[in-house]
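Being a predicted model, the structure only gives us computed values, none of them experimental. Whatever order the structure lists ligands and atoms in, that order sets their numbers, starting from 1.
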Amino acid sequence: MSYDNLTLHTDKYQINMMYAHWIQGSKDDGAVFEVFFRKLPFGNGYAVFAGLERVVNYIRSLRFGEEEISYLRTQEESYEEAFLEELRSFRFTGQLDAVPEGTVVFPNEPLIRVEARVFEAHLIETALLNFVNYQTLIATKASRIRQVAPGDGLLEFGSRRAQEADAAVWGARAAYIAGFHATSNLRAGMLFGIPTKGTHAHAWVQGHDTEDEAFRKYAEALPDQVTLLVDTYDTLKSGVPAAIRTAKLLESKGKRMNAIRLDSGDLTYLSRTARQMLDDAGLSYVQIVASNDLDENIIFNLKAQGAKIDTWGVGTQLITAGDQPSLGGVYKLVAREKGGQYVPVIKISGNPEKVTTPGFKSVYRIISRETGKAEGDYIALRHEKLNAGEPIKLIDPVHSYIYKNIADYDAIALLQPIFQAGELVYALPDLSTIRQYHEQQLGLFWPEQLRKLNPEQYRVNLSAEAWQLKMDLIHKMRG
Ligand SMILES: Nc1ncnc2c1ncn2[C@@H]1O[C@H](COP(=O)(O)OP(=O)(O)OP(=O)(O)O)[C@@H](O)[C@H]1O
Ligand SMILES: O=P(O)(O)OC[C@H]1O[C@H](OP(=O)(O)OP(=O)(O)O)[C@H](O)[C@@H]1O
Ligand SMILES: O=C(O)c1cccnc1
């Protein structure tokens with residue numbers, strides 16, 4: 001059995017719908033789907049889009065092999081052999097547009113747009129959402145952590161607590177995009193080129209007769225990498241003094257110890273006292289790393305309390321997005337081919353926030369030329385042309401009485417072509433480029449929109465035409 005083929009990483013209902021389209025002869029009809037989420041996680045004011053690289057790899061390697069076909073045969077008696085046969089030559093032949101990874105994104109705007117044969121478009125829903133929901137969630141969590149410790153070192157330590165191996169490595173990557181500096185996971189480092197870092201565990205200290213011996217042996221083995229975990233027995237009475245002795249030993253060999261790590265207790269008190277002890281010993285260059293179930297709220301509080309911590313090791317709460325472990329991204333049909341033309345479709349809900357916005361759409365970030373800041377995102381129908389300089393009206397999609405006119409702006413198209421006619425046309429940027437791009441993205445927004453608590457809402461707006469289409473379809477379907 002191969003663990004690597006993700007083609008059946010889909011919900012059975014997708015294959016059922018593909019089969020039903022195949023039966024009724026509509027499998028080649030075009031369909032347009034959009035990926036978007038409705039609500040920002042963690043009460044944050046923005047999200048950080050991630051997951052595209054995985055989506056690209058997935059789309060490129062979609063294949064129903066012998067194993068997949070044989071398995072499907074056992075799962076549904078109705079599936080005719082000719083259908084299974086058709087799957088053998090299945091390839092993604094459609095168009096996929098997406099916002100680049102690292103883009104700051106908001107609710108209800110298309111992050112990925114898929115235009116493909118309905119046969120193909122159905123299959124990929126589950127995997128696309130799986131990748132994008134998780135990675136965007138973790139990048140957003142990492143971004144919040146970064147916001148509270150902008151000048152400090154941030155290490156991703158989550159692998160052991162992650163929801164399995166894929167989450168560990170793709171989560172480490174998402175955290176790096178959003179500003180973490182390194183991961184402890186070597187596979188993530190190898191796969192993606194993320195810098196790696198590591199200290200040592202309590203087991204190293206427990207595995208020796210004394211803390212002094214443990215620290216000395218460790219320092220002898222890795223003299224240029226010495227960060228010592230000082231809380232195994234008693235942080236201030238034995239750990240820090242033993243670390244100081246080890247640092248002095250290193251100094252006598254012309255080396256400098258990197259840091260100590262605190263992993264329990266009151267991190268403010270311990271870090272302040274340890275800082276003083278290190279400074280008094282002439283070791284002001286030795287830094288302090290802290291870990292222990294940290295998240296953005298604890299780090300914010302520790303900093304407010306005056307903790308003297310240079311680097312934060314963050315595991316569980318980051319990699320599992322502990323306070324909100326899923327992003328509710330969805331994949332919705334917005335247009336379908338009928339008689340050779342695309343017609344817009346809508347999904348109506350009693351909850352106005354959940355009514356989808358129909359039609360084949362584009363999304364632009366409207367940047368004020370005066371301030372250089374983003375004024376709002378603007379969703380328009382594909383055929384609408386934005387002529388820079390011509391005033392546009394930004395209408396709130398739910399409350400149409402909320403609008404603003406804007407004239408002096410630049411409009412940046414957020415969706416980039418990734419696949420055209422099934423061919424990859426996008427050069428995947430390397431990770432450091434994505435990270436820099438994310439940093440630039442943050443510069444487009446005001447601090448009020450980026451703050452962690454009760455941020456100012458950034459608006460995603462509809463064009464007048466897109467808004468009218470939505471109203472017309474609501475009235476039509478309500479009949
Ligand atoms: N000064 C502080 N203010 C707020 N939170 C803190 C402070 N110091 C530590 N914390 C956090 O409080 C929690 C304390 O964890 P816990 O109750 O498990 O204690 P511990 O000292 O880690 O004990 P253990 O030895 O079991 O690991 C951790 O999430 C830690 O990051
Ligand atoms: O607390 P997190 O944010 O999840 O960060 C990762 C944790 O993993 C390690 O603890 P663990 O008890 O697993 O092993 P150890 O013996 O190395 O401390 C490390 O010491 C951190 O406390
Ligand atoms: O290197 C470390 O200190 C580390 C790595 C993983 C988890 N906790 C700590």
Side-chain angles (χ1 to χ4, degrees), residues 138 141-142 144-146 148-149 152-165 167-169 171-172 174-176 180-190 194-208 211 214-215 218-219 221-222 224-240 243 257-275 286-323 325 452:
I138 302 307
K141 182 74 175 170
R144 280 171 72 75
I145 296 169
R146 162 92 191 295
V148 301
D152 301 346
L154 292 170
L155 310 179
E156 186 283 309
F157 276 178
S159 296
R160 63 192 58 199
R161 311 267 147 64
Q163 267 61 332
E164 262 277 5
V169 294
Y176 186 66
F180 268 60
H181 299 100
T183 176
S184 59
N185 186 303
L186 285 167
R187 184 163 163 260
M190 183 176 75
I194 308 171
T196 59
K197 284 231 184 302
T199 73
H200 67 77
H202 293 108
W204 178 258
V205 178
Q206 294 167 284
H208 293 81
E211 239 170 357
F215 289 175
Y218 191 76
L222 293 139
D224 298 312
Q225 297 278 352
V226 186
T227 295
L228 300 173
L229 176 59
V230 293
D231 76 331
T232 306
Y233 304 120
D234 187 321
T235 301
L236 298 178
K237 287 210 179 98
S238 72
V240 175
M257 191 167 110
N258 282 349
I260 58 166
R261 175 159 75 96
L262 304 171
D263 189 42
S264 59
D266 186 312
L267 294 173
T268 301
Y269 171 70
L270 292 176
S271 66
R272 290 180 68 89
T273 313
R275 180 75 273 155
V286 174
Q287 298 210 324
I288 301 184
V289 180
S291 50
N292 189 18
D293 221 6
L294 297 169
D295 66 8
E296 66 273 33
N297 297 319
I298 295 178
I299 295 175
F300 182 81
N301 277 294
L302 291 172
K303 288 180 81 73
Q305 293 162 24
K308 300 275 188 198
I309 292 164
D310 304 286
T311 293
W312 308 89
V314 190
T316 312
Q317 296 302 321
L318 166 63
I319 208 74
T320 66
D323 50 337
K452 183 169 77 73

Considering heavy atoms of the protein only, find what lies nearest to atom 2 (C) of ligand 1 and give residue, atom and distance to 0.1 Å. Leu302 CD2, 3.3 Å

In terms of atom number and element, which parts of ligand 1 are under 4.0 angstrom from non-hydrogen atoms of Asp293? 29 (O)

Pick, from Arg161, Glu156, Gln206, the option with the minimum heavy-atom distance to atom 12 (O) of ligand 2. Arg161

Need the ligand 1 atom indices (1-based, order shown) with element for anything under 4.0 Å from a heavy-atom of Leu294. 31 (O)

Could you tell me whether atom 8 (N) of ligand 1 has at least one protein heavy atom nearer than 4.0 Å? yes

Closest candidate by heavy atom, reference atom 5 (C) of ligand 3, pool Ser184, Gly158, Ala201: Ser184

Of Asn292, Val314, Asp263, Leu229, the one whose closest heavy atom lies nearest atom 22 (O) of ligand 2 is Asp263

For Arg261, is at least one N or O under 3.5 Å away from an N or O on ligand 3? yes

Gln317, portion touching ligand 2 at heavy-atom distance under 4.0 Å: neither

Is Arg261 reaching over with its side chain to a backbone N or O of Ser291, donor-acceptor style, under 3.5 angstrom? no

Counting heavy atoms only, which of Ser264, Ser291, Ala201 is nearest atom 17 (O) of ligand 2? Ala201

Can you confirm, on distance only, whether ligand 1 has an N/O atom lying under 3.5 Å from any N/O atom belonging to Asp263? no

If you count the atoms of ligand 3 from 1 in the order shown, which ones are under 4.0 Å from a heavy atom of Gly198? 1 (O)

For atom 1 (O) of ligand 3, what's the nearest protein heavy-atom neighbour? Residue, atom name and distance, please. Thr199 N, 2.8 Å

Atoms of ligand 3, numbered as shown, that sit under 4.0 Å from any heavy atom of Arg160: 6 (C), 7 (C)

Quick note on ligand 2: atoms under 4.0 Å from a heavy atom of Thr316 include exactly 2 (P), 3 (O), 4 (O)

Among all protein heavy atoms in this structure, tell me which lies nearest to atom 4 (C) of ligand 1, with the distance rounded to 0.1 Å. Gln305 NE2, 4.0 Å

With atom 24 (P) of ligand 1 as the reference point, say which of Ala307, Ser264, Gly306 has the nearest heavy atom. Ser264

Nearest protein heavy atom to atom 12 (O) of ligand 1, by residue and atom, and its distance? Ile298 CD1, 4.6 Å

Looking only at distance, does Gly265 have an N or O less than 3.5 Å from an N or O of ligand 1? yes

Could you check which of Asn301, Asn292, Asp266, Thr316 puts a non-hydrogen atom nearest to atom 31 (O) of ligand 1? Asn292

What protein heavy atom lies closest to atom 8 (N) of ligand 3? Include the residue and the distance to one decimal. Phe157 CD1, 3.6 Å

Who passes salt bridge (Lys or Arg N to Asp or Glu O under 4.0 Å) against Asp295, sequence neighbours left out? none

Is the closest heavy-atom distance from His200 to ligand 2 below 4.0 Å? no

Contact summary for Asp152 and His181, nearest pair of heavy atoms: O-CE1, 3.1 Å

